[in-house]
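In each ligand, atom 1 is the first atom listed, and ligand 1 is the first ligand listed. These figures come from a predicted structure and were not determined experimentally.
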Amino acid sequence: MEATSANQSDSKSKALPSDLLSGEQIQTVVEDVLACTPFIDIHTHLFSPAFGKLGLWGIDELLTYHYLEAEFFRSSNTTPGQYWKLSKRERADAIWRALFVENSPISESTRGIVAVLNAFDLPTDASGLEEARIFFAAQPLDEHIRRVLEIAGVSSVVMTNDPLDPDEQPVWLNGGQDHAQFHAVLRLDRILWGWPRHWQQLASQGYAVDEKASGKSIAEVRRFLADWNERMRPLYMAVSLTDTFFYPDDSIASKILGEAVLPSCREFGLPMSLMIGVRRQVNPALQLAGDGVGKADLRAVENLCRSFPENKFLVSVLSRENQHELCVYARKFNNLMPFGCWWFLNNPSIVEEITRERMEMLGTSFIPQHSDARVLEQVIYKWRNTRRTMAPILTNAYRLLLSDGREVSRKEIERDVNRLFRSNFENLTGLRGG
Ligand code: RAT
Ligand code: ZN
């Protein structure tokens, strides 16, 4: 055990009033509170049934998750060119064979599949996928969603909604969605860094914008955002940014962010989420699995938080090397909410390191995790893993507190877990009872 860990033997042996906990009791109570608190999943790529085929679920989608595709090419002689020619079912079969039959599924993403199969009492070591396919094909979607979220201990999930996505846009234009467990988010990648390729879509929808975002463009982007805010009722606006992102600079993205998006966020009372640090398509042959990571210059976050004190920023950074700086910035700017251990960081060893550091520097004033699930049933393993990693971290924090001279009660643990996994987000976004 490391030097900072509180040892159980430090705990006080005197009789405690019934709501106060001994060092020995803390672990069980922490685990119980984590299990009983329904979390809000603040960033996913899931869709409610109103979006039809955009909502992914079932064994073939689970196995062809891009995190697993990247691992597949390390354990198979199949080339990306050959792989992309296969049907989804054939790809799933190939991944099952390479990662689950010919090798032990001990990576984070492969273990996740095992946990999902196990949650539904499906065989985890079968030679093929027949039984799993039959099971998933028999599930009525609405009931399946309710059951999956319940198993995951999640009350609701936040989607990623791109108003310029040709598959998604028609759903919103035809009435949108009102599923109580799915919340919208206005995702702005195409408008912010993708402006040169997408401005014409706005123009064709009747917004007077141009390639350089000059003239009336800024006012028209704000009109576009107002229309989509009305249509989607999003909880926040969001963008994913590369490791080279900076603010301010002379890019169109910087201009649109500072002059249109952030003023609109203020107008509608919405936080802005920045996910920073992706290096897009370092290996394009892998398609969605081909992105990498780079260390970003977080002075961009500093400049944003200082220049826009009335805006609230949710920030997740992809590089491990940026995590400490993010905590320091959160101590300087209370309009900055660090959230999640994203993508390549979502492994127990790294989640543990990041979460301990955040707790030591920020107490409970951060949001430890989101799932980033793309396939419905992934929330089962991703949240199971989060609870498993959180339990010893919280237990250790309360034991240290106890050994330093302060009693700990179940009520306080409930308040803290609720703050971390619910109310920090509710207070930012105004979400109630979600
Ligand atoms: O984690 C992922 O699935 C990534 O591919 C990204 O989608 C990332 O989460 C994002 O929202 O940009
Ligand atoms: Zn994501």
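For the residue pair N347 / S349, no side-chain donor-acceptor distance below 3.5 Å is found, with atom types taken as modelled. When only modelled atom types and interatomic distance are considered, R187 and N161 share no side-chain donor-acceptor pair under 3.5 Å.
Looking at residues two or more places apart in sequence or on another chain, you find no side-chain hydrogen bond (donor to acceptor under 3.5 Å, both in side chains) involving E131.
Scanning W343, F344, Y67 for the heavy atom closest to atom 4 (C) of ligand 1 points to W343. Which of R187, H43, M275 comes nearest to atom 12 (O) of ligand 1 through a heavy atom is settled by distance: it is R187. Within the set H370, R280, R374, the minimum heavy-atom distance to atom 7 (O) of ligand 1 is found for R374.
Between D291 and R279 no salt bridge is recorded (no basic side-chain N to carboxylate O distance below 4.0 Å). In this structure, R147 does not pair ionically with E150, as no charged nitrogen and carboxylate oxygen lie closer than 4.0 Å. With salt bridges taken as basic N to acidic carboxylate O contacts below 4.0 Å, one links E267 and R222.
Per residue H43, closest N, O or S atom to the Zn ion (ligand 2): atom name NE2. Minimum-distance N/O/S atom of D372 relative to the Zn ion (ligand 2): OD1. Counting just the N/O/S atoms of H45, the one with the shortest distance to the Zn ion (ligand 2) is named NE2.
Other residues, nucleotides and ligands contribute at most 12 non-hydrogen atoms within 6.0 Å of the CZ atom of R384.
The single protein non-hydrogen atom nearest to atom 8 (C) of ligand 1 is W342 NE1, 3.3 Å, given as residue, atom name and distance. Closest to atom 9 (O) of ligand 1, if we only count protein heavy atoms, is D372 OD1, 2.7 Å.
Within the listing of ligand 1, atoms 7 (O), 8 (C), 9 (O), 10 (C), 11 (O) sit less than 4.0 angstrom from a heavy atom of H45. Within the listing of ligand 1, atoms 12 (O) sit less than 4.0 angstrom from a heavy atom of S240.
For the Zn ion (ligand 2), the N/O/S atoms of H370 include none lying under 2.8 Å.
Sorted by first and then second residue, the side chain to side chain donor-acceptor pair (under 3.5 Å) pairs with a member in residues 111-126 read E108-R111; sequence neighbours excluded.
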